[in-house]
Amino acid sequence: MTRRWHRPGAFAVILTALGTAAFVSLGLWQLRRGAEKEQLLAAFARTAQIAPVDLAQARRQADARHFPHVRVEGRFDAEHAYLLDDQIRDRRTGVVVYGVFEPREGGPALLVNRGFLPRRDSRRIEVPPLADGPIELSGLYAPPPGSGLRLGGNALPKQTTWPKTTIYLDTAEIAADIGRRVDDRVLLLDPDPASGFERVWTPELMPPERHRGYAFQWFSFAAAAIVIFLVLHWRKNPS
C-alpha cells in the first residue's frame with residue numbers, strides 16, 4: 001500500500017480554512033484577554049500605594065501598563081447614564097452603572113464606573129441618585145471593560161429613555177450617542193460604603209491562566225482541523 005495526495009474538493013478546503021481561521025481567532029482573543037487581566041490585576045495591586053494625581057497628569061501618563069489613581073473635580077451630567085448589563089458578582093447578576101462626568105478642567109467627558117448593583121426580585125434596577133452640583137471624585141483611570149465577541153450591533157440609538165442599557169461599553173458609540181467627545185478611558189471610583197454601590201477593584205474575574213488554557217484549546221482545535229484535512233486527503237492506494 002502506498003500513499004498519495006488526493007485533490008480535495010472546494011467545500012473541504014473552504015470548511016477547513018474557515019474553521020481554522022475561527023479557532024485561531026478565538027485563541028488569539030483569549031490570549032489578549034489574559035494579557036488584559038494580568039495588566040488590570042497588577043494595576044489594581046499598585047493603586048492602593050499610589051497617591052492620586054490630577055486628571056490632566058493621568059492623561060499624560062496613562063499607557064498599557066499604567067493605570068493612574070486620579071482625583072478630579074467637576075459635575076455629573078444628570079440626563080445621561082448607562083447600565084452595563086449581564087454582569088456577575090459573587091454569583092449574582094446585575095448591572096454596572098456608568099455616569100457621564102464633565103471635568104472642571106475641560107477636555108473630553110469621562111465615563112465614571114459608579115459600581116455594581118445586583119438584581120433583586122425583579123428586573124428593575126434602582127439606581128442611587130447622582131450628586132447635585134460640583135463634586136470631587138477619586139478612582140482608577142483605566143481602560144473600559146473588554147467587550148469580547150460583540151453581537152447585535154449598536155443598540156444605543158434605538159433606546160429613547162435613560163439610563164440606556166448595553167451589554168458592552170464602547171466609548172466611541174457613547175460619544176456619538178451623547179453628541180460630544182468622551183475619554184477613551186473610564187474612572188473606576190474608589191470604594192465608598194455609603195454610595196449604595198459595590199466597588200471591588202480587585203475584581204472577581206477569570207484568571208489569566210484560564211484564558212491561556214482556553215487559548216491552547218482553540219489552537220489545538222485549529223491544529224486538529226488541519227491534521228484531519230491532511231489525513232483525509234493523503235490516503236493509501238491499493239498496490
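Everything numeric here is computed off the predicted structure, so don't read it as measured data.
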- Item | Considering all heavy atoms, the nearest G94-D85 contact | O-OD1, 3.7 Å

- Message: Are L31 and V24 connected into the same hydrophobic cluster when the rule is that any two of I, L, V, M, F, W, Y join if their side-chain heavy atoms are below 4.5 Å apart?
- Response: yes

- Item | Shortest non-hydrogen contact from E105 toward A56 | OE2-N, 3.0 Å

- Message: One pair to check against side chain to side chain contact (heavy atoms under 4.5 Å, CB included): F76 and E102. What are the steps and the verdict?
- Response: CA-CA 6 Å; F76 278 105; E102 299 290 350; over 6 Å; no

- So, D190 and R71, do they make that salt bridge, N to O below 4.0 Å? no

- Task: Taking the side chain as every heavy atom from C-beta outward, state whether T171 and L111 have any atom pair closer than 4.5 Å.
- Result: yes

- Side-chain donor/acceptor of T20 to backbone N/O of A17, under 3.5 Å: no

- Query: What is the ring orientation for W218 with F23, classed by angle as parallel under 30°, tilted 30 to 60°, or perpendicular over 60°?
  - Reply: parallel

- Do P145 and L84 have side-chain heavy atoms sitting under 4.5 Å apart? yes

- Message: Taking the side chain as everything from C-beta on, heavy atoms only, tell me whether Y98 gets closer than 4.5 Å to V112.
- Response: no

- Task: Determine yes or no for a side-chain-to-main-chain donor-acceptor pair under 3.5 angstrom, with R199 supplying the side chain and P193 the backbone.
- Result: no

- Query: Should H80 and W162 count as side-chain neighbours, where that means a heavy-atom distance under 4.5 Å?
  - Reply: yes

- Note on the structure: NE2 (H211) and CD (E209) are apart, to the nearest 0.5 Å, by 10.0 Å

- Report the distance from atom CZ of F197 to atom CG of D192, rounding to the nearest 0.5 Å. 10.5 Å

- Item | Which atom of R114 lies closest to which atom of V127, heavy atoms considered | NH1-CG1, 3.6 Å

- Note on the structure: When every non-hydrogen atom of L130 is compared with those of A78, the smallest separation belongs to CD1-CA, 4.0 Å

- Message: Taking L156's backbone N and O only, do any of them form a donor-acceptor pair with K164's side chain (distance below 3.5 Å, no angle check)?
- Response: yes

- Pairwise distance CD(E126) to CG(L117) - rounded to 0.5 angstrom: 10.0 Å

- Minimal heavy-atom distance between P103 and L55, with the atoms involved, is CG-CD2, 3.7 Å

- Task: List the steps and the verdict of salt bridge (Lys or Arg N to Asp or Glu O under 4.0 Å) for R119 and D86.
- Result: CA-CA 10 Å; R119 294 192 183 278; D86 294 336; 5.9 Å; no

- Message: Would a single hydrophobic cluster contain both I14 and F221, if residues Ile, Leu, Val, Met, Phe, Trp and Tyr are joined by side-chain heavy-atom contacts under 4.5 Å?
- Response: no

- Message: Any salt bridge linking E198 with R92? Criterion: basic side-chain nitrogen under 4.0 Å from a carboxylate oxygen.
- Response: yes

- Query: Are R185 and Y141 in a cation-pi contact, defined as NZ or CZ under 6.0 Å from the six-membered ring centre and within 45° of the axis?
  - Reply: yes

- Query: Does S220 use its side chain to pair, donor to acceptor, with the backbone of F216 at less than 3.5 Å?
  - Reply: yes

- Message: Between L28 and F219, is there a side-chain heavy-atom distance shorter than 4.5 Å?
- Response: yes

- Note on the structure: Between G27 and A215 the two heavy atoms that sit nearest each other are O-CB, 3.4 Å

- Task: Check whether any side-chain heavy atom of L169 sits under 4.5 Å from a side-chain heavy atom of I174, and report yes or no.
- Result: yes

- Task: Verify the cluster assignment for I135 and L187: are they in a single hydrophobic cluster under the rule of side-chain heavy atoms below 4.5 Å apart?
- Result: yes

- Take atom CZ in R180; do more than 12 heavy atoms of anything else shown fall under 6.0 Å from it? yes

- Message: Check this for me: does any side-chain nitrogen of one of D54 and R59 sit under 4.0 Å from a carboxylate oxygen of the other?
- Response: no

- Are V53 and F101 grouped together when hydrophobic residues (ILVMFWY) are joined by side-chain heavy atoms under 4.5 angstrom apart? no

- Would you call E136-R75 a salt bridge at under 4.0 Å N-O? no

- Verdict with supporting geometry, Y82 and V100, side chain to side chain contact (heavy atoms under 4.5 Å, CB included): CA-CA 8 Å; Y82 297 88; V100 178; 4.1 Å; yes

- Message: If you define the side chain from C-beta out and look only at heavy atoms, does anything of L188 sit under 4.5 Å from V186?
- Response: yes

- Under 3.5 Å, side chain of E38 to main-chain N/O of E36, donor-acceptor pair present? no

- Please examine the side chains of L83 and V97, heavy atoms only from C-beta on, and report whether any two atoms are closer than 4.5 Å. yes

